[in-house]
Amino acid sequence: MPNSSAPTLPTSKKPSVIELNNVSVDFGDVVALKNINFALKRGTLLYIVGPNGSGKTTFVRLLTNLLSPTSGEIIRDSDVLGYLPQKLNQNPNFPITVEEAIYSGFAKQSLFISKSDGEKIQAWLDKMQIGHLRKKPMAHLSGGQQQRVYLIRALINDPDFIILDEPTSALDPSFRAYFNEVIMDLHHKKKTIIFVTHDLHDTLCDCAHVLYIDQEIRFFGTLPEYHEKEHTLNHV
């Protein structure tokens with residue numbers, strides 16, 4: 001069972017977008033992550049998998065700078081980050097429209113949405129097939145529609161580094177195939193993309209890599225390599 005001390009992707013000589021050196025995270029007596037060494041090259045499409053309670057969410061929080069490690073070092077590039085969390089902490093009674101929710105993701109905001117920013121918002125809404133919902137209150141949307149809005153919010157700044165935590169969990173099955181096409185288009189544009197998922201049966205392409213976490217890094221390699229070892233990893 002592979003457990004590399006410093007796994008990196010050999011397919012690119014480009015600098016890493018993020019690097020973790022001997023990183024551990026403890027919550028009191030609970031060890032969430034232990035001695036993580038990891039570097040991610042630009043342009044990589046990476047799936048993060050692992051059992052419930054394995055530390056995937058903690059790992060993502062480290063990557064997004066929402067959590068500091070108990071020990072170790074994290075080196076980040078200055079790339080623009082787009083992040084879709086697994087749980088959207090939205091107050092259903094908060095009066096915010098679809099347009100306003102997306103605008104809150106802009107790097108620079110003003111009191112009024114400019115014409116160019118409005119056009120950008122509308123273009124993304126059309127791309128996500130919900131252009132008619134622009135002025136609707138978020139509270140009136142279905143879970144799948146809200147998920148699309150927050151996906152737009154994560155992508156609206158044209159980020160170089162994209163982290164999506166269970167991005168298709170609330171999406172309609174009929175829309176998932178189209179959403180995967182959007183993500184593959186971003187991948188072809190050399191974006192660095194991380195998917196956190198429980199299911200690798202709907203992966204985008206064999207070009208993807210897989211990181212299997214269970215407090216430690218248990219596997220890091222290509223998708224075909226992962227499938228060869230999947231049974232062993234899931235029965236440790």
Side-chain angles (χ1 to χ4, degrees), residues 14 17 40 42-47 60 63-66 77-92 94-197 202-205 207-208:
K14 296 180 180 180
V17 67
L40 184 65
R42 282 191 179 87
T44 302
L45 173 60
L46 176 72
Y47 287 94
V60 167
L63 298 182
T64 56
N65 205 22
L66 293 174
D77 199 277
S78 58
D79 285 359
V80 176
L81 172 67
Y83 173 48
L84 176 72
Q86 182 180 8
K87 294 182 179 180
L88 304 172
N89 297 319
Q90 178 193 329
N91 183 346
F94 188 72
I96 186 173
T97 67
V98 167
E99 180 181 56
E100 291 165 340
I102 296 172
Y103 190 60
S104 68
F106 276 70
K108 295 182 180 180
Q109 303 169 34
S110 59
L111 185 59
F112 299 101
I113 300 175
S114 68
K115 180 180 178 181
S116 60
D117 287 346
E119 290 173 348
K120 188 174 183 180
I121 290 171
Q122 187 62 53
W124 265 105
L125 286 168
D126 292 339
K127 188 171 186 176
M128 288 293 183
Q129 302 177 0
I130 51 172
H132 60 292
L133 299 177
R134 178 172 174 174
K135 298 296 183 179
K136 292 286 186 180
M138 287 293 292
H140 292 181
L141 271 59
S142 68
Q145 290 170 335
Q146 290 185 10
Q147 188 83 330
R148 297 191 205 187
V149 171
Y150 283 109
L151 282 167
I152 295 172
R153 186 183 185 278
L155 300 174
I156 198 71
N157 284 320
D158 192 26
D160 303 297
F161 185 22
I162 302 164
I163 300 177
L164 306 173
D165 196 348
E166 297 285 347
T168 61
S169 59
L171 295 180
D172 300 329
S174 60
F175 182 75
R176 287 180 187 174
Y178 174 74
F179 168 72
N180 287 341
E181 292 179 8
V182 173
I183 297 302
M184 280 306 297
D185 181 60
L186 293 170
H187 177 56
H188 290 150
K189 293 177 180 176
K190 308 302 181 183
K191 305 293 186 181
T192 307
I193 303 171
I194 289 180
F195 260 87
V196 182
T197 184
D202 192 27
T203 49
L204 298 178
C205 70
C207 63

Legend entry - Contacts of type side-chain hydrogen bond (donor to acceptor under 3.5 Å, both in side chains), residue Gln129, not counting sequence neighbours: none
Inset, instruction - Enter the distance from Ile113:CD1 to Lys120:NZ here, rounded to the nearest 0.5 Å. - result: 13.0 Å
Legend entry - Trace of the side-chain contact (heavy atoms from CB on, under 4.5 Å) decision for Val98 with Met138: CA-CA 6 Å; Val98 167; Met138 287 293 292; 3.8 Å; yes
Legend entry - Lys127 side chain reached by Ile152 side chain, heavy atoms, under 4.5 Å: no
Inset, instruction - Could you tell me whether the side chain of Leu45 reaches within less than 4.5 Å of the side chain of Met184, counting heavy atoms only? - result: yes
Inset, instruction - Measure the CD-CG distance between Gln122 and Leu125 for me, rounded to the nearest 0.5 Å. - result: 5.5 Å
Legend entry - Backbone N/O of Ser110 and side chain of Tyr103: donor-acceptor pair under 3.5 Å: yes
Legend entry - Minimum heavy-atom distance between Leu171 and Gly144, given as atom pair plus value: CD2-O, 3.9 Å
Inset, instruction - Quick one: pull up CG in Asn180 and CZ in Phe195 and give me the separation to the nearest 0.5 Å. - result: 6.0 Å
Inset, instruction - Provide the closest heavy-atom pair for Gln145 versus Leu141 in the form atom of the first, atom of the second, distance. - result: OE1-CA, 3.4 Å
Inset, instruction - Could you tell me whether the side chain of His187 reaches within less than 4.5 Å of the side chain of Ile183, counting heavy atoms only? - result: no
Legend entry - Atom of Ile162, atom of Pro159 and distance for their closest heavy-atom approach: CG1-CG, 3.7 Å
Legend entry - CG on Leu151 to CG on Leu164, rounded to 0.5 Å: 6.5 Å
Legend entry - Glu166 CD to Gln147 CD distance, which is reported to the nearest 0.5 Å: 9.5 Å
Legend entry - Ile194 side chain reached by Phe161 side chain, heavy atoms, under 4.5 Å: yes
Legend entry - Backbone N/O of Ser104 and side chain of Gln109: donor-acceptor pair under 3.5 Å: yes
Legend entry - Worked check of side-chain contact (heavy atoms from CB on, under 4.5 Å) between Leu81 and Ile163: CA-CA 8 Å; Leu81 172 67; Ile163 300 177; 3.9 Å; yes
Inset, instruction - Decide yes or no for Trp124 and Leu155: does some side-chain heavy atom of the first lie under 4.5 Å from some side-chain heavy atom of the second? - result: yes
Legend entry - Option among Val17, Asp77, Val80 that satisfies the side-chain contact (heavy atoms from CB on, under 4.5 Å) test with Asp160: Val80
Inset, instruction - Rounded to the nearest 0.5 Å, what's the gap from CG on Asn157 to NZ on Lys108? Could you check? - result: 11.0 Å
Legend entry - Test side-chain hydrogen bond (donor to acceptor under 3.5 Å, both in side chains) applied to Asp172 - qualifying residues, sequence neighbours left out: none
Inset, instruction - Tell me, with the steps shown, if Thr97 and Lys135 meet side-chain contact (heavy atoms from CB on, under 4.5 Å). - result: CA-CA 6 Å; Thr97 67; Lys135 298 296 183 179; 5.7 Å; no
Legend entry - Student check: side-chain heavy atoms of Tyr83 and Leu63 closer than 4.5 Å: no
Inset, instruction - Evaluate the side-chain proximity of Phe106 to Ile121: yes if any heavy-atom separation is below 4.5 Å, no if none is. - result: yes
Inset, instruction - Check Met128 against Phe179 and note the closest heavy-atom contact, atom names and distance. - result: CE-CD1, 4.4 Å
Inset, instruction - List in chain and number order the residues that pass side-chain hydrogen bond (donor to acceptor under 3.5 Å, both in side chains) with Thr64, two or more places apart in sequence or in another chain; answer none if no residue qualifies. - result: none
